[in-house]
Amino acid sequence: MMQALWAYAAPLVSEGRWYELDAQTVSALQHAKELGNYIDSKDLEVVTRPASTGGHYLYKTSFEVVTPGTYVVDFKSSSVVGRFTHHLFNAQGEEIYTLEGGIQSSVPNPFMLRHGRDVPLSPGHYELVSEVSSPFFLAHPEPYVVNEAEYQQSIKASNAMVLICYGAMLILTIYYAALGYVRKQVTDYMYALFIFGNLFYNGAALLILPDLAGMHWFYLISIPILFSNIAYVFFVMHLLEMRKDVNSGLYRAGRIIIVVLLLFIPAAAIWPNWSLEFDRYGVGIIMLYGLVSSSIKSWHGNLIAKYYLVAILAFFLIGSYSITNTQVYGSQTFYIEHFGMLAVTVEMILLALVLARQFALLNNEKEHALTLSQRHLQIAHTDALTGLPNRYALDQELDMLPPEGVLIFIDIDGLKYYNDNFGHKRGDELLCGFARAVHDAISEAGVLHRIGGDEFAITSPQGNVQLLEQRLQAAMRVLHQQGFEFSGMSYGIAHAMESRDGNVLKYLADTRMYAHKRERQKGVVQYPRKATTSI
């Protein structure tokens with residue numbers, strides 16, 4: 001199980017030697033191939049490995065085949081190879097196979113996302129001479145030979161990882177771009193650009209674009225990253241809300257890094273063989289900047305910075321391996337490029353979780369603000385003493401009152417009596433008792449409002465005046481039973497059809513209420529005075 005996951009394939013070749021070729025040697029080598037021969041390695045300069053800034057190199061090794069079958073010649077550690085030609089010689093020194101390919105070559109790859117070339121071999125001794133030329137190298141692409149069945153099994157895990165990660169990159173690029181369009185935030189746009197640059201880099205380096213889209217421009221591996229590194233610094237600065245007046249040190253560092261990364265672009269145009277090295281330095285700088293910035297902001301209590309710190313730590317640990325290591329040990333089919341893609345994908349996924357957390361915080365703040373707003377609105381439209389809708393709520397109800405509806409103004413008799421003789425607490429009890437009794441009595445027929453003082457109002461969309469009057473009388477009987485036998489009420493009714501203007505309706509109801517009050521006062525017994533004693 002673990003062997004399948006790590007995708008180990010046992011190569012047949014022993015350690016070989018690298019030789020650097022100059023222009024004269026390359027020309028001679030071309031002539032030698034026409035003769036069906038190859039240059040004696042004694043004429044070539046031995047090097048440890050190809051330089052990261054590219055060049056033309058020759059690799060020579062030998063191997064033994066014991067079991068007849070189909071074998072594959074491929075590179076380990078890296079797939080960033082411009083062009084290659086494998087020359088296979090038998091024990092008699094005869095060249096039996098010439099295998100060409102590379103990112104810059106239009107020769108189709110028989111194995112998806114791989115430089116592997118399959119050849120049938122019978123038992124015997126063989127020599128492999130590989131010409132490799134490339135504008136630059138990411139790592140140490142050393143040729144090896146392996147049984148085809150083992151090779152096919154060993155590339156499954158790494159190829160699956162490439163397709164999954166690349167699919168995630170595509171989806172998240174669209175997601176962040178759409179998010180930026182909706183939210184109008186630089187953070188989302190910059191991270192979309194960062195992923196977009198990595199789409200080109202990983203697509204070209206891991207043969208997705210050459211194999212699936214026929215794109216063989218080698219500098220797709222390096223140029224897009226120069227721009228995506230700049231976008232990443234902008235992303236970090238906006239995500240962590242760095243401002244000149246608050247985080248002056250981090251803000252200035254970010255601006256300086258942006259200037260340095262901008263200078264890498266013309267430098268890469270002048271020295272294209274160094275363009276991937278500029279990428280490598282740039283990635284190291286942006287990872288370090290993100291790590292330091294998030295650490296400092298986390299120390300100062302920034303919640304988003306704490307979440308981002310987890311993402312940048314994963315990016316830093318895996319990414320550092322991918323930009324500094326020159327050879328992958330323990331596996332022939334996992335490349336340095338795979339680790340770089342994994343680093344970006346892990347950070348993207350973790351940042352998506354950070355963004356989800358940010359959305360959750362924003363949503364909580366929004367819900368809290370909405371709750372407060374609704375609470376304030378409720379307070380603004382509710383009478384503090386009785387809990388009934390107030391004058392402002394009444395005005396809104398009047399705007400929605402249908403033509404058949406009615407407005408009733410009510411004035412409580414006896415409030416002054418209870419205030420003067422039993423205190424304002426008893427007067428408040430009268431108001432609250434009246435509010436409860438009337439509200440319970442008319443709950444299905446209308447809405448009771450307290451306008452202020454001892455004045456109330458009822459709005460009834462149905463306009464059943466007779467029912468309302470019966471309910472009001474019933475409510476007063478309940479109030480009398482509660483000990484407010486000296487209370488009473490006067491009311492005036494205005495029909496909505498009399499005017500569509502709420503102020504006019506209020507005026508009519510108010511006028512009729514006072515007329516009713518005057519009529520009642522002619523036959524109402526005066527309230528008894530509170531007994532007093534003098535000393």
- prompt: Counting only heavy atoms not in F227, do more than 12 sit closer than 6.0 Å to its CZ atom?
  reply: no
Aromatic ring pairing [X]/[Y], orientation class (parallel under 30°, perpendicular over 60°, tilted between):
X    : Y    : value
F235 : Y232 : tilted
F334 : F339 : tilted
F75  : H115 : perpendicular

Non-hydrogen side-chain atoms of F111 and D118 separated by less than 4.5 Å: yes
Could you tell me if [Y] and [X] have a donor-acceptor pair between their side chains, going purely by distance under 3.5 Å?
X    : Y    : result
R114 : Y335 : yes
H216 : Q104 : no
D211 : N109 : yes

task: Determine, stepwise, if the pair S154 / Q332 fulfils side-chain hydrogen bond (donor to acceptor under 3.5 Å, both in side chains).
output: CA-CA 8 Å; S154 67; Q332 279 68 46; over 6 Å; no
query: Hey, does the Lys NZ or Arg CZ of K306 hover above the aromatic six-ring of Y308, less than 6.0 Å from the centre and inside 45° of the axis?
result: no
field: Pair D74 + R117, salt bridge at N-O below 4.0 Å
entry: no
query: If you round to the nearest 0.5 Å, how far is CE of M287 from OG of S320?
result: 4.0 Å
